[in-house]
Protein chains: 2
Amino acid sequence: MIESTSPSPRWSETWLNRLLEVAPLSDAAQDAVRRAPQLFRQFSAREHVVRDGVRDPGMRVMLSGLACRYKHLPDGRRQITAFIIPGDVCDFGFISDSPVSQDIISLAPSTIGIVDLDRLATIVELYPEIMTAILRCAAIEQSATQELLVSLGGRNALHRVGHLLCEMHHRLDRAGLVRAGGVFELPLTQSEMGEALGLSTVHVNRTIQMLRRLGLAIWRDRIVTLPDPESLARLCAFDPSYLKAQRD
Amino acid sequence: MIESTSPSPRWSETWLNRLLEVAPLSDAAQDAVRRAPQLFRQFSAREHVVRDGVRDPGMRVMLSGLACRYKHLPDGRRQITAFIIPGDVCDFGFISDSPVSQDIISLAPSTIGIVDLDRLATIVELYPEIMTAILRCAAIEQSATQELLVSLGGRNALHRVGHLLCEMHHRLDRAGLVRAGGVFELPLTQSEMGEALGLSTVHVNRTIQMLRRLGLAIWRDRIVTLPDPESLARLCAFDPSYLKAQRD
DNA sequence: CGCGGGTTTGAGACGTGTCAACGCGTGTGG
DNA sequence: CCACACGCGTTGACACGTCTCAAACCCGCG
């Protein structure tokens, strides 16, 4: 892990853009958001970003890369509860001053911005709209967890995998990380996808081949291509409204 | 649904006690909490408390009875995402002014207290500790959702059912709703339990019989008895720390 | 008395897990 | 530069947990 205090300008924008998606911010507030993170940590793939139970105050914002949150099962397996993409807050425990009860691990080289809590407090005192935006992000994250719950409780393997691909496509697209033709990077292992979806590695593999045979998704060398996102969404009953702060 | 403005004194206490579990409150704040709900709704079993998409402002607090939140699956099935017991906030959408994206339905005759949002705002302005307490409740709820996710992703039927019984036992116990000998009311249908755990009714039934044969849980006529909660907790790897606001 | 919702039981189908082996690419150390 | 180990993806055979369908049962209630 490398620490630095000099941000790349792109970083502050991804975080700002996320907030602007969920709530309007005055120019002054936008500027405050840009300047909020003062410490930046770069992780290589599969490094612990947060360790369960370690209380290390500060709001952590994902700025580039990919990470996931997970819980341990007694027998050593893991259940991934969320994937964290650029613009996401890593965990919302700081809102209620509760410790995180989960590990967070990077899945690709990633950088995380850290906002000191005192600093955050003075900022949101000045610009309460920022707190509103953050709380809306928290609500969306809760909503995404519940949608994953729906997947595990009610969808078969094909729909689970397809739905997750739709979700990642949708979220990455909004973050400007999807190239033309529905192509995006997904630096996941099939086994990690299984840990999120409650499927064995082997079955994830077969399911992906099925999607490929159906012409709905190609996943090779960490690159996913969705030639026809609408069809896939229809197949998996993917409705992105759960990722929005506001009903339209 | 019957509406009234005259609370039973017991109601305000269950809500207050919940908040006191997660954060200390001054006497004045406690009083404000007691007087916060001004409208009370009584529902009979299986009535809609909240309808998906219906924006009906106000914080809703469960005061007696049992309810659940759920999402629809495209084929008409439901995925229950949370059980709501006395003291719980029905949904935390009001925090970020996002509409609920879920239905809430009563499972037993229930009463719900409604706190007007303007009124809530002035109260928490006066006593910010109350907002802290509410946010901690929200964090716990998120934590419970994730634990359910772990169940669906990584536990077999026996452990899912056992774990849920442990959780209900633990939560109801803290609300003072467990009688001696580990006896408590659980006015659930086996099919509803299946909807929460991603299991068919038939399999829930067989699983319960298995728990009965093991001498770990008896469930008859909406009454659950856990003769040996510790053994059951050990079997299912139930660790109640996820239901606490603070790590000890 | 009959009806309906919930529970219980049985038999068989099917989705998914497990185990084991192999291929392939990459990095590493001799 | 080769040999090797290692991680990841892939394939096959088989076991097993859970689902589905169908029927019977129980009990409270109209």
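Remember, predicted model here, so these are calculated numbers, not experimental data. Every chain is numbered from 1, with letters handed out A, B, ... down the list of sequences.
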Would you kindly give the [atom1]-to-[atom2] distance between [X] and [N], to the nearest whole Å?
X: A:L152; N: C:dT16; atom1: CG; atom2: C1'; value: 14 Å
X: A:R220; N: C:dG25; atom1: CZ; atom2: P; value: 9 Å
X: A:R155; N: C:dG15; atom1: CZ; atom2: C1'; value: 17 Å
X: B:E192; N: C:dG5; atom1: CD; atom2: P; value: 13 Å
X: B:R213; N: C:dT9; atom1: CZ; atom2: C1'; value: 12 Å
X: A:D221; N: C:dC24; atom1: CG; atom2: P; value: 14 Å
X: A:R160; N: C:dT16; atom1: CZ; atom2: P; value: 7 Å
X: A:Q190; N: D:dT11; atom1: CD; atom2: C1'; value: 13 Å

Could you report the tightest heavy-atom contact between [X] and [Y], atom names first, then the distance?
X: B:L172; Y: B:F184; answer: CD1-CD1, 3.4 Å
X: A:A157; Y: A:H203; answer: CB-CD2, 3.5 Å
X: B:F83; Y: B:C68; answer: CD2-CB, 3.8 Å

* Asked: Heavy atoms under 4.0 Å, any strand shown: does B:G194 hit a base, just sugar-phosphate, or nothing?
  ->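 No contact at all - B:G194 keeps every heavy atom at 4.0 Å or more from the nucleic acid.
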[options]: which one has an atom nearest the side-chain heavy atoms of [X]?
X: B:N205; options: C:dT7, D:dC21, C:dC19; value: C:dT7
X: B:A157; options: D:dT18, C:dT9, D:dT10; value: D:dT18
X: A:V202; options: C:dA20, D:dT18, C:dT16; value: C:dA20
X: A:S200; options: C:dG17, D:dT20, D:dT10; value: C:dG17

* Pairwise 5' ranking along DNA chain C for B:R206 and B:R46, keeping only the more 5' one ->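 Result: B:R46.
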* Report the residue (B:R212 or A:H203) whose heavy-atom-nearest nucleotide on DNA chain C is the more 5′ of the two. =>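 Mapping each residue to its closest nucleotide by heavy atoms, the 5'-most match is B:R212.
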* To do: Could you label the plane-to-plane angle of the A:H163 and A:Y242 rings as parallel, tilted or perpendicular, counting under 30° as parallel and over 60° as perpendicular?
  =>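 Parallel: the ring planes of A:H163 and A:Y242 meet at under 30°.
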* Can you find a pair of side-chain heavy atoms, one from A:M62 and one from A:I85, that are under 4.5 Å apart? ->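 No; the side chains remain at least 4.5 Å from each other.
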